[in-house]
Amino acid sequence: PKRWGPGRPRSGGGVEGGGLSAFSSLTHLECSKTGERLPAGGLMNLSPAGAPLLARYDLEAAARTLRPEALRERRSDMWRYHEVLPAPAPGAIVSLGEGMTPLLAAPRLGARLGLSRLYIKDEGTNPTGSFKARGMSVAITMARLLGAEKVVVPTAGNAGGAAAAYASRAGIEAHIFVPADAPPVHKAECALAGAFVTEVRGTIYHCGAIAARMGPSRGWFDLSTFREPYRAEGKKTMTFELFEQLNGELPDAIVYPTGGGTGLVAMWKAFGEMEALGWIGSARPRMISVQAEGCAPL
């Protein structure tokens with residue numbers, strides 16, 4: 001497919017080595033394996049130890065303004081939690097209105113299962129039809145801010161569509177590698193958003209291997225699962241929204257349909273941040289991961 005006209009990225013001004021801004025309390029990145037602290041001021045994939053990187057914040061500073069009662073006056077998307085997201089200023093955000101998806105009561109299904117309060121978080125109302133929009137909004141925001149002009153992602157569907165849409169919004173070039181037997185609608189979604197789409201005879205694993213091999217020589221910044229620090233930051237906002245939508249409570253259990261597991265890690269990370277902010281105590285919901293038999297990497 002031909003690319004549909006994205007221009008060069010706008011200058012975002014950088015993150016100044018990961019220092020605090022008035023908008024975000026981001027301080028640094030941390031290796032999830034060794035705990036090594038790294039500055040958040042440049043494009044990074046894995047840590048020197050080859051492990052995923054986690055964004056860390058000055059939560060004491062964030063708590064001064066990020067209070068539940070203050071949220072009533074804020075924007076109605078996931079960027080309402082900007083103190084614990086990495087964008088240093090409102091103008092840096094690449095957004096299509098993602099987040100604040102409905103929490104729907106399911107009383108009849110709950111009764112069949114013996115559950116008195118069952119809710120479904122409808123992530124299908126996100127701009128690209130899935131929760132992948134959350135992660136790609138933050139990942140593309142930071143990729144553009146830190147100077148990326150081209151990004152690459154392997155996908156079986158939803159992540160590619162989100163990457164293509166947010167890259168188009170940001171004015172940067174997207175390269176999507178997708179299995180040849182993936183649903184045609186996902187390939188069309190990526191192409192219509194302006195991405196270069198390459199079909200691969202194999203699985204998403206093969207797509208990832210090809211993208212990783214080709215990317216460095218072509219200047220493609222890799223947005224694969226757990227290979228950059230910021231997709232998880234978008235997905236963790238589901239936890240903050242649940243707290244709001246349940247009037248200051250969290251569920252006893254969360255049943256989570258899981259692919260690579262970024263969302264699970266992200267939500268668990270958010271519980272710790274919410275406790276440090278003073279929103280919740282030490283109790284945590286049970287996290288129940290559900291995977292398809294044909295795609296169960298966990």
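Going from atom OG1 of Thr101 over to atom CD1 of Ile120 covers 12.0 Å, rounded to the nearest 0.5 Å. Here OG1 of Thr141 is found 9.0 Å from CG of Leu85. Values are rounded to the nearest 0.5 Å. Rounding to the nearest 0.5 angstrom, the gap separating the CD atom in Glu275 from the CD atom in Glu273 is 11.5 Å.
At distances below 3.5 Å, not a single donor-acceptor pair connects side-chain atoms of Arg286 with backbone N or O atoms of Ile254. The backbone N or O of Arg75 lies less than 3.5 Å from a partner atom in the side chain of Arg80, making a donor-acceptor pair. The main-chain N or O of Ala106 is never found under 3.5 Å from a side-chain atom of Arg108 such that the two would form a donor-acceptor pair. Asp222 contributes no side-chain N or O that, together with a main-chain N or O of Ala212, makes up a donor-acceptor pair within less than 3.5 Å. A side-chain donor-acceptor contact under 3.5 Å links Glu98 to the backbone of Leu96. Although no hydrogens or angles enter the test, the distance criterion places no donor-acceptor pair under 3.5 Å between the side chain of Lys235 and the main chain of Met267. Between the side chain of Asp58 and the backbone N or O of Ser25 there is no donor-acceptor pair closer than 3.5 Å. With hydrogens and angles disregarded, no donor-acceptor distance shorter than 3.5 Å links the side chain of Glu241 to the backbone of Met78. Here the side chain of His28 pairs no donor or acceptor atom with the backbone of Ala40 at under 3.5 angstrom.
We find that Arg56 and Glu30 are joined by a salt bridge, their nearest charged nitrogen and carboxylate oxygen being less than 4.0 Å apart. With respect to Arg64 and Glu83, no salt bridge is recorded, no charged nitrogen being found less than 4.0 Å from a carboxylate O. In summary, Arg134 and Glu233 do not engage in a salt bridge, as defined by a charged side-chain N under 4.0 Å from a carboxylate O. Between Arg144 and Glu149, none of the side-chain N atoms (NZ, or NE/NH1/NH2) sits under 4.0 Å from a carboxylate O, so this pair counts as no salt bridge. In this structure, Arg72 does not pair ionically with Glu244, as no charged nitrogen and carboxylate oxygen lie closer than 4.0 Å.
Side chain to side chain, Ser47 and Lys33 fail the donor-acceptor criterion of an N or O pair below 3.5 Å. For the residue pair Trp79 and Ser137, a side-chain donor N or O sits within less than 3.5 Å of a side-chain acceptor on the partner. In the model, Thr258 has no side-chain atom that pairs as donor or acceptor with a side-chain atom of Gln291 under 3.5 Å.
At most 12 non-hydrogen atoms from other residues, nucleotides or ligands lie less than 6.0 angstrom from CD of Glu60. The local environment of CZ in Arg117 is sparse, with at most 12 non-hydrogen atoms from other residues, nucleotides or ligands closer than 6.0 Å. Remark: Glu293 CD is loosely packed, at most 12 non-hydrogen atoms of other residues, nucleotides or ligands lying under 6.0 Å away. In the displayed structure, Arg37 atom CZ is contacted under 6.0 Å by at most 12 heavy atoms of other residues, nucleotides or ligands.
Thr225 has its side chain within reach of Arg231: a pair of non-hydrogen atoms, C-beta onward, lies under 4.5 Å apart.
Tyr81 and Trp279 have perpendicular rings, their planes meeting at more than 60° on a 0 to 90° scale where under 30° would count as parallel. Using the six-membered ring where Trp is involved, Phe196 and His175 have ring planes that are parallel, under 30° apart on the 30 and 60° scheme.
Here Ile210 sits in one hydrophobic cluster together with Val152, Phe177, Val200, Met214, Trp220; the rule is ILVMFWY side chains under 4.5 Å apart, joined directly or through other members.
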